[in-house]
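Here the structure is laid out as structure tokens; the discussion comes afterwards.
One-based numbering, in listed order, for ligands and for the atoms of each.
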Amino acid sequence: MPMSWRLVRTSGGVALAIALTAGLVAGATGQTGRGPDTVALDLGRPGPPIAPTLFGVFFEDINFAADGGLYPERVKNRSFEFTEPLSGWRKPWRPEADGELVVLTEGGLNANNPHYLRLRVHTPGRGFGVVNAGFRGMGVEAGAEYVLSAYVRAHPGGPRFLSARLTGDRGKPLAESTLAGFDGAWKRYETTLRPEATHARAELEIAANEAGEIDLDMVSLFPRETWKSRPNGLRKDLVQLLADMKPGFVRFPGGCIVEGRRLELRYDWKKTVGDVSERKLLVNRWNDEFAHRPAPDYFQSFGLGFFEYFQLAEDIGASPLPIVNCGMACQFNSGETEALDKLDPYIQDALDLIDFANGPADGRWGRLRAQMGHPAPFNLRMIGIGNEQWGPRYVARYERFATALKKAHPEIALVASSGPGAAGPMFDYLWTNLRRLSADVVDEHYYMPPAWFLANAHRYDGYDRSGPKVLAGEYAAQTSGQAQPDNRNNWEGALAEAAFMTGLERNADVVTMASYAPLLAHVDAWQWTPNLIWFDNLRSYGTPNYHVQKMYATNQGTHVLPHAVNGSEKNAQDGLYTSASVDQRSSELIFKAVNATPAARKVRVVVKGTASLRGEGRLLVLASGDLNAENSLDQPTRLAPVERTVAPSSSGFDLTLDAQSFTVLRVKYSR
Ligand code: AHR
């Protein structure tokens, strides 16, 4: 009988592990007093290859992950296109200055960005203008450079310059500069602001000091220092955290935002590429999805669009996995579905996306990619058709997409949805049909309690080896309940995920991709929890779950190494979860073990085969006796892996696994 463990928290925060099912073998109490568990590995018998894509990341613009997060624009509603055009903007408080803020569309910047702001200055005083408070404030650092830019159009007799300042507490100026030289046509102007002090909640003020009218649009404050110093680039510390994971793929741009609540609100990649001033803003579907976390100021500027996603994937060495809308709005919302005979434009969007990513630089969409600065192809190899769709309507639409895409691009693998659940009739229906339709990859999502993850480490052992591959595209242990606001990124959840992931790795011949979800969250602006990485306007940290993901992705072998634990092929026994692989490029054995019990545990790793181990083993250990333990902005590495070494015994290694720990052992071998 399979043994599973449930992690529980006591009121005092002391961890216990209790067996959920019977079948404990005598002496297998999980205490240090017991004899060692024996793991037998045969280096001469490597198993199936592990896809380089196995451990990746899933990016969705939820929790202010894009605007206000990875996309480091400091100005919220820079284009005055929010439903409330002055959302995020206010007049500075200066009693002696008088004027009006007027939002107009006549003669706007372009058709996709029609609204703009007219400053009508009656009495300039010490400056009449506007203040933008950013995304829960603006993070600025002392001495760093911020590029202030705006499209400006002057009027005869109106202000000839605009003064700009960053302000901190009680309006204290942190940096000042001016924009000048305007004429009667829309043009972009820029200057640099260098704050003299660091502030997490600065504000930007732009004011005219002369009476009359002047027009403004696309008011932007952007850090000069971005990832790889790119203009319109990404936030450095957040990309660094992703790059450090060495993810095998990036799935983007969602999630439910691909679907939209209604079809007209779906994610349309074509509106996210080209000049940023021409990208058409869209409400974010997470703005008021949860009554307990409303965010009426949540929109998508698409400054982070499909070009930037492809570039991000390339930068961090990951394969891009874009998801396209399949003609269905979110089935948790309207479920609006395009008629089958009207599906062609959606399919064409997918075909054009392949052209944008891979087509020649003088082709229709490849030309735009080249104009944006990337003449070489992005090496797109897979596309997801729909996000979390289900039912016969999805199967019919997937089939249409698959027929057209496979005909035009047999080289592109198609990823299909198995719905929002880990099992059940809906899930089985989809799998049956997707197998019939020879889908390349089926995307599974599971947001389940930690106990489920512990009990499902063998989930993929019995999967059909000849059917579609699996993308475990969204999973995370929910310590309180799915998407509950009190879910925690604590060690309880992370440890359970680590145990579960041994099963992903052991079954790498079936599971070719897996990613935690969601990825990013602003501590002051989130809608969903738990999340892999949290940030504020200046700082960021990886959760214990992040370290688990990173330990897997950065310690991935080239081939699975089948092994026996205590003489059995069950690799999840009595609170011990194991996985092994070899890296044939570096000639290394990589052994992973999760001890989910509250006591240290001895494990004897016996290595057989013609190869011999060379030198000591390097251990990476992530452990805590406190299942409630979390990282935070103030204690970002309270839980982080520590390195150790271990000397080999004659036949392998004698390891002592810490209580409630995840351990990776790496050791070189030679033949
Ligand atoms: O990750 C959050 C959401 O969970 C995703 O948008 C959706 O695919 C799933 O329901």
Do ligand 1 and [X] have nitrogen or oxygen atoms that lie under 3.5 Å from each other?
| X | result |
| --- | --- |
| Phe332 | no |
| Glu60 | yes |
| Trp286 | no |

Notebook entry, point to check: Which of the numbered atoms in ligand 1 are below 4.0 angstrom from a heavy atom of Asn387?
Noted result: 7 (C), 8 (O)
Checklist line | Element-labelled atoms of ligand 1 that are located less than 4.0 Å from some non-hydrogen atom of Gly255 | finding: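 Once the distances to Gly255 are compared, the set is 5 (C), 6 (O), 8 (O).
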Item checked: Sub-4.0 Å heavy-atom approach of Gly254 to ligand 1 -> no
Note to self: Please identify which of these residues, Leu434, Leu437, Asp440, meets the side-chain contact (heavy atoms from CB on, under 4.5 Å) condition with Leu414.
What the structure shows: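 Single side-chain contact (heavy atoms from CB on, under 4.5 Å) partner of Leu414 among Leu434, Leu437, Asp440: Asp440.
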Margin query: Would you say Tyr475 and Glu497 are linked by a side-chain donor-acceptor pair, where the criterion is simply a distance under 3.5 Å?
Written below: no
Note to self: Checking side-chain polar atoms at under 3.5 Å, does Ser301 have a donor or acceptor matched by the opposite partner on Glu73?
What the structure shows: no
Margin query: Give me the residue, atom name and distance of the protein heavy atom closest to atom 2 (C) of ligand 1.
Written below: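 For this ligand atom, the closest protein heavy atom is Tyr447 OH, 3.6 Å.
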Next item on the list: Return the residue, atom name and 0.1 Å-rounded distance of the protein heavy atom closest to atom 10 (O) of ligand 1.
Entry: Glu388 OE1, 2.7 Å
Item checked: Listed once per pair and sorted, the salt bridge (Lys or Arg N to Asp or Glu O under 4.0 Å) pairs that draw on residues 628-639, sequence neighbours left out -> Arg488-Glu630, Arg539-Asp634, Asp626-Arg638
Next item on the list: Quick one: list whatever passes salt bridge (charged side-chain N to carboxylate O under 4.0 Å, His left out) with Asp461, sequence neighbours left out.
Entry: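 By the salt bridge (charged side-chain N to carboxylate O under 4.0 Å, His left out) rule, Asp461 matches Arg506.
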Check: CD of Gln482: more than 12 outside heavy atoms within 6.0 angstrom?
Finding: yes
Item checked: Heavy-atom side-chain proximity of Val324 to Phe401 below 4.5 angstrom ->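 Of all side-chain heavy-atom pairs linking Phe401 with Val324, at least one is under 4.5 Å.
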Check: Should the proximity of Ile257 to ligand 1, defined as any heavy atom under 4.0 Å, be assigned to the side chain, the backbone, both, or neither?
Finding: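 No part of Ile257 comes within reach of ligand 1.
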Next item on the list: Identify which of Glu289, Glu474, Gln389 has a heavy atom lying nearest to atom 8 (O) of ligand 1.
Entry: Glu474
